[in-house]
Amino acid sequence: MDPLPRIPRDPSSLFFQADNVRRYIIGSYWLIIILALPLWWSTTSIERLSLPTSRVISQAQQRLSIPVTISLQAGVESASLAFQLKESINERIIKAPNRWKGLDIQVNHDRLLNKNTDNGVYTITEGTEEPTLQDRRLKHSLQAPALSKLVDLLSDLIVPFSEQDHRVAQFATHYRLSFTLLNEDAAAGAFVNHWPVSNAISRHVSPILTQLAVLHNFTIESQVQYHAPLAFKPQPIGDVYGITPEDLTVFVNSAEWTLSSSASNDPVLHFVLFVPSAARRPLRIMDNRGSLSASNAFLLPQWGGIIILNSVDQKEITPIELSPANMDSIFSTFADHLLTLLGVPKLPSGLKTLSFGEHNTFTEWQLDAVLRFRALENAKGAQDTLQSIVKLVDQIENMPVGQDVKGDVQEALNAIERMYTSSRTSLIETLRHSARALTLSSRAFFNPGMLALLYFPAEHTYAVYTPLFASAFIPLFVAALKEVKAWKKQRRQHNDTAPDVRRLE
Amino acid sequence: MLASWKARLFVGLSLSLSVVKASGEQFDEQLTIQSLRDGKVASTFSFKTLLKGVSPRDPRTLGAEDASQHYNVFPLALGQILREYAVTELHLSLNAGRWNYDRWGYPKEPAVGTGAELWAWMGDGGQVSVDHRWMGLRNALAGLFCASLGSLDEQRTTSPDRSFEPEGMLPDWGVPHRIRHATLPSENVCTENLTPFLKLLPCKSLSGIASLLNPHRLFDADWHGMGIHVLWREDEGVEVRLTFQSVSDPVRSSLGRKRDWSFRSLFDRTIDRQCPIAKTSEITVALPSEGSYSINPEPSVVNAGKASFDVATIDKPLDVALQWSGDFQYVSGFDKPITPFSVQRTLRGSSQAHGQLSVIVKNHQNSTQQVVYLETMPWLVQFYLHTLEIRVDGVRRDGIFSDIAYIPAVPHSRPATFQGILTLPPSSALHLTMDVTKSFLRYTEHRPDAQRGWDLPPAVLTVLELDSNTSTARHPVNPRIYTSTLLVDMATPDFSMPYNVIIFTCSLIAFIFGSVFNLLTRKFVVVRID
């Protein structure tokens with residue numbers, strides 16, 4: 001064993017004990033940390049692509065305006081009449097601006113129509129008898145005293161919705177129509193076990209669906225249930241059973257009636273024919289004052305229609321098949337319900353209609369009104385949804401925004417832009433683009449990817465990082481601090497000694 | 001002009017008439033009750049809806065709008081699912097308990113494997129792939145029946161076409177049909193599954209035989225299970241059969257050791273009203289072959305040891321009761337197996353990494369039998385196929401196991417399918433052993449009750465060549481025997497561990513980093529001590 005040298009080597013003469021080397025070592029540690037920061041940042045940050053916020057805001061300020069052209073054909077007086085008509089319509093617009101919102105009414109009187117539009121032009125011609133509708137033509141008296149009546153009629157035809165109708169179902173491109181025959185208690189006898197439903201549908205419902213094909217697609221299905229108990233007990237009034245208005249609100253017993261579907265997410269409109277139990281017939285609807293209502297059908301807003309069928313013979317014990325005549329009266333009510341739920345307005349009273357197509361159930365005027373109403377509704381819905389997305393993403397900083405959300409938002413904006421450009425030329429195209437914008441914007445809004453890290457709080461991250469980083473950073477900091485101090489001291493000493501050297505010279 | 005219009009009207013009318021005539025619907029309900037040798041009572045409810053003249057949806061039409069569905073009796077909720085995913089044949093069963101084949105014989109409904117089992121035959125072709133539709137199907141059924149069928153995912157799905165042949169027919173579309181099969185042995189059947197099941201019945205549980213389905217008593221039974229079977233036959237149409245089987249124990253509930261039963265004692269209900277939609281509504285009671293007994297009320301028909309009651313004509317409320325004159329005595333040999341062979345499957349070994357699968361098949365017949373042996377094993381347990389060893393009565397034999405098809409498992413994604421044909425020598429016990437390895441699971445793959453272990457699906461044995469006296473006319477398909485499920489103990493971590501690991505690792509890193517850093521940057525000076 002070698003004895004230790006009596007005087008050890010001076011450690012400062014070792015190369016790694018040189019001040020510069022030590023400073024390089026500390027410096028390189030810090031350099032690596034600083035270089036690694038961007039990597040750490042990019043691997044731990046949430047993907048938040050920037051949304052086209054300014055485009056959303058600028059488009060939200062625009063409003064869709066759909067032109068409605070009325071052509072007045074009354075010979076030589078057309079020009080002055082058209083001016084008067086326009087004036088009175090303008091008065092109406094000032095009185096009820098909300099009702100006429102989004103419409104651009106033009107009244108002209110020349111026969112030369114704008115050729116590059118396939119928007120229908122409503123033509124008004126002189127007619128002496130009662131007002132008559134034919135396609136997009138209206139025959140009406142054009143004498144001065146009848147003018148205010150004409151304006152009334154026109155506003156009822158063009159803007160039939162005085163305010164938002166809450167009965168109308170939310171817009172969807174695809175609906176399921178579900179027709180259900182519900183027997184309250186088939187075992188009690190006198191129940192309906194067969195209804196010629198496909199014939200009735202093709203007679204009463206299909207014509208409506210063909211006419212509305214530009215707006216929606218439909219899937220039709222039907223079923224019969226034999227035990228559909230009510231969730232409440234109808235009150236006996238004499239030999240009649242009554243349903244109070246409060247009971248009507250809980251009439252649909254969704255726990256017992258299997259009406260919902262687990263195969264698709266499309267909105268369903270239900271049409272229920274309810275046959276009360278033989279022990280509880282007739283079942284009648286009561287009004288608020290407690291007297292029996294004449295009607296046996298009612299409509300649940302945005303859900304569907306219900307008809308209570310009492311006409312089944314009470315003494316009958318064998319199952320009953322509904323006759324085509326029965327079905328006709330039931331399905332004409334269902335067709336009425338369907339029109340209301342889909343927002344097809346009723347024609348104003350005192351109007352004669354002439355041959356509006358062989359299979360059509362409503363006029364071009366009504367269809368145009370639905371198209372305009374739906375296009376305006378969709379445009380507003382899409383713009384509101386896009387604004388909400390932008391606001392939400394702005395407010396919640398942990399919310400990820402992926403490429404699919406960004407793409408959907410951009411596509412929705414493009415669809416809105418196309419909707420604006422087509423609004424001058426084609427009503428159907430406008431609706432199509434507005435529906436697409438609505439679908440895309442709500443898909444972006446409900447994108448499940450946006451919730452991914454919402455519930456992973458920052459505290460959790462710190463709890464994992466602190467034990468690792470705190471213990472490593474303290475020596476790094478202290479070493480750096482010491483070194484800086486030492487370096488400063490050295491420099492001061494150097495500065496202090498330098499003048500002395502000069503003085504010595 | 002008028003004539004042509006008339007002709008068109010006539011054609012239209014006759015067309016619509018023919019549609020009505022062809023598309024009939026028929027509903028039949030049946031209850032079969034049988035006293036078993038050990039005093040238990042097996043009851044089988046069967047509700048059959050036939051949709052005449054209708055064929056399943058061709059998968060190639062999936063992109064297009066489907067035809068309208070109009071049903072009078074057929075459950076629409078199920079019809080929607082079948083059409084949406086173009087399913088030709090579907091079998092779903094949810095069972096609780098182990099069917100004791102040795103004592104009880106073959107069940108009326110063959111699907112008695114513990115837990116949930118779903119298998120479907122679907123045409124391949126068209127835009128949507130079979131696997132995509134299979135995923136949609138199990139999710140839709142999970143929603144319909146409130147069961148965790150959504151977890152029958154790719155990790156549990158196999159295609160064992162030899163053991164699960166279609167019970168009905170497969171339409172000839174010019175495209176092949178594929179089977180998808182999955183089991184979830186840990187799924188239990190309970191009231192929340194029975195409620196949607198009852199809603200699919202035209203009379204729900206309010207009239208007819210279905211009014212006996214009382215969840216309080218059914219789920220108290222020793223064995224219970226429900227099944228939904230959809231199949232298609234060319235000459236009949238689409239058939240939906242909803243079944244419920246239970247094995248109750250009147251000997252246990254009557255402390256007096258009596259095995260008498262009645263509707264009231266079995267279900268705590270009676271049939272008060274007939275289901276007006278049912279074409280036939282029949283209760284069949286298998287009469288005991290020995291002992292003196294009495295049956296109440298008087299059966300409508302007694303034929304070949306079976307008493308039948310026609311619910312439509314008999315007096316109501318109907319409470320069928322079978323009473324013996326004496327107390328119940330176990331007859332000698334009551335546990336002698338009545339099936340032609342019996343199976344016992346166990347997983348041996350206490351290690352958390354390795355084990356041995358052992359299957360004992362006993363042939364009780366005096367003739368050679370061939371059975372298809374199928375294991376659909378999740379990747380949790382993987383086979384060492386080279387260790388497969390077969391002994392017959394203790395003697396090692398080759399050539400017993402043939403036609404082996406093996407699709408190995410892929411960890412974290414695919415289960416193994418292992419099937420082959422076992423030739424059982426007459427009156428012998430066959431012992432099959434194979435070493436297995438237990439996988440090591442990722443931290444997130446453990447379930448909330450990780451310490452309980454994992455349930456492994458039952459193996460399925462299908463008889464290939466039927467003996468004449470065991471063949472049952474009801475099942476055109478060969479009978480299947482499900483073995484009991486297994487519980488495997490996997491290596492489970494201490495779940496409070498991650499944070500401990502983080503802290504421990506951090507301390508270690510900080511220590512090492514600190515020392516290295518110190519060594520590198522420490523300034524050594526010579527200090528002289530005088």
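Since the structure is predicted, the reported quantities are computational estimates derived from the model, not experimental observations. Proteins get letters first, then strands, A, B, ... in listed order; numbering begins at 1 in each.
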Need one label for [X]: side chain, backbone, both or neither, based on atoms under 4.5 Å from any heavy atom in chain B.
X: A255(A); result: backbone
X: I220(A); result: both
X: Y29(A); result: side chain
X: N183(A); result: neither
X: L476(A); result: both

Establish, from distance only, whether the side-chain atoms of T270(B) and D272(B) form a donor-acceptor pair under 3.5 Å.
yes
Side-chain donor-acceptor contact under 3.5 Å, Q274(B) with S281(B):
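Result is no, nothing qualifies.
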Determine, step by step, whether H270(A) and V268(A) satisfy the side chain to side chain contact (heavy atoms under 4.5 Å, CB included) criterion, reporting the C-alpha distance in whole Å, the side-chain angles of both residues, the deciding distance to 0.1 Å, and the verdict.
CA-CA 6 Å; H270(A) 298 275; V268(A) 189; 3.6 Å; yes
Going from OG1 on T219(A) to CG on D66(B), what distance comes out if it is rounded to the nearest 0.5 angstrom?
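Taking OG1 in T219(A) and CG in D66(B), the distance rounds to 8.0 Å.
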So which residue, A510(B), P276(B), G136(B), P196(B), ends up with the most heavy-atom pairs under 4.5 Å with chain A?
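Going by pairs under 4.5 Å, I would pick P276(B).
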Taking E221(A) first and then R176(A), would you say they form a salt bridge - that is, a charged N and a carboxylate O separated by under 4.0 Å?
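Looking at R176(A) together with E221(A), the answer is yes, because their closest N to O distance falls below 4.0 Å.
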Are K52(B) and E25(B) within salt-bridge range, i.e. N to O under 4.0 Å?
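So K52(B) does not pair with E25(B) through a salt bridge.
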Could you look at L76(B) and say if it's the side chain, the backbone, both or neither that has a heavy atom under 4.5 Å from chain A?
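Looking at L76(B), backbone and side chain both touch chain A.
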Just so I understand: if I count every heavy-atom pair under 4.5 Å between each of Q225(A), K482(A), E256(A), R23(A) and chain B, which residue has the most?
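Top option by heavy-atom pairs under 4.5 Å: E256(A).
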